[in-house]
Amino acid sequence: MNNKLSLYNELLDIFEFKSIHDNLGNELVILKNSTSNIFEGKIIEDKTAFEALDSHFHLIDNIRRYDKQLLIDFGKKIGKLLIDRLSFSFPDKHFVVFVTITDSMIIRFHQKWENEPYYYKENLGNNEYMISFDN
């Protein structure tokens, strides 16, 4: 029971955020438990990659091929919850959320930064899935 409770608490952490600012005054949104405060006031060249790499969570690792289809519905639900929470917490910002299902299920987000492409392209390999949401 203790391991399950710990996992549930970790999962809930993806719905808590903080923001830091680079030296140009850009507000970057990351997970609250992130240790990236050390970048406060520094130059962050690729804001999209910074947020996407810092704001991700491994939901499930070592996924079996036949379980992937079952995880798509879960991914749609949790991705929708995350984009809704981001929109509520930062109503003036625009985000994209990605749920990828490969050998692991990972959820991540970043803002839609002007002149920067999304972190993911829409093409993954065979038997790999991506669900995306934006506001």
Exercise. What's the verdict on side chain to side chain contact (heavy atoms under 4.5 Å, CB included) for His94 and Asp134, showing C-alpha distance, side-chain angles and the deciding distance?
Worked result: CA-CA 7 Å; His94 300 283; Asp134 61 359; over 6 Å; no
For the residue pair [X] and [Y], establish whether any side-chain heavy-atom pair is separated by less than 4.5 Å.
X: Trp113; Y: Leu28; value: yes
X: Val29; Y: Glu51; value: yes
X: Ile63; Y: Leu71; value: yes
X: Phe90; Y: Gln111; value: no
X: Asp46; Y: Glu116; value: yes

Problem set entry | Minimum heavy-atom distance between Leu31 and Asp13, given as atom pair plus value | CD2-O, 4.1 Å
For this session: Can you see which heavy atom on Ala49 is nearest to which on Tyr119, and at what distance?
Result: CA-CD1, 4.1 Å
Exercise. So does Asp84 pair up with Lys80, basic N to acidic O under 4.0 Å?
Worked result: yes
Problem set entry | Lys/Arg-Asp/Glu bridge criterion (N-O < 4.0 Å) met for Lys47, Asp22 | no
Atom pair [atom1] ([X]) and [atom2] ([Y]), whose distance is rounded to the nearest 0.5 Å:
X: Phe109; Y: Phe57; atom1: CZ; atom2: CZ; value: 13.0 Å
X: His21; Y: Asn26; atom1: NE2; atom2: CG; value: 8.5 Å
X: Ser34; Y: Glu16; atom1: OG; atom2: CD; value: 13.5 Å
X: Asp67; Y: Ile72; atom1: CG; atom2: CD1; value: 11.5 Å
X: Ile78; Y: Ile83; atom1: CD1; atom2: CD1; value: 13.0 Å
X: Ser104; Y: Ile60; atom1: OG; atom2: CD1; value: 9.5 Å

[X], [atom1] atom: more than 12 neighbouring heavy atoms under 6.0 Å:
X: Lys93; atom1: NZ; result: yes
X: Ile43; atom1: CD1; result: no
X: Asn62; atom1: CG; result: no

Exercise. Mind checking whether Leu53 and Met130 sit in one hydrophobic cluster, side chains of I, L, V, M, F, W, Y counted as touching below 4.5 Å?
Worked result: yes
For this session: State yes or no: do Ile106 and Leu59 share one hydrophobic cluster built from I, L, V, M, F, W and Y residues joined by side-chain heavy-atom distances below 4.5 Å, directly or via other members?
Result: no
Exercise. Does the Arg108 side chain pair with the main chain of Phe98, one donor and one acceptor, at a distance under 3.5 Å?
Worked result: no
For this session: Report yes if the distance between the aromatic ring centroids of Phe17 and Phe95 is under 6.0 Å, otherwise no.
Result: no
Exercise. Can we call the ring centroids of His110 and Phe50 under 6.0 Å apart?
Worked result: no
Exercise. Hey, mind stepping through Thr100 and Tyr129 against side chain to side chain contact (heavy atoms under 4.5 Å, CB included) and telling me if it holds?
Worked result: CA-CA 6 Å; Thr100 55; Tyr129 305 92; over 6 Å; no
Exercise. Per the side chain to side chain contact (heavy atoms under 4.5 Å, CB included) rule, which among Gln69, Glu128, Lys68 passes with Ile101?
Worked result: Lys68
Problem set entry | Step-by-step side chain to side chain contact (heavy atoms under 4.5 Å, CB included) determination, Val99 to Met105 | CA-CA 7 Å; Val99 179; Met105 183 176 197; 3.7 Å; yes
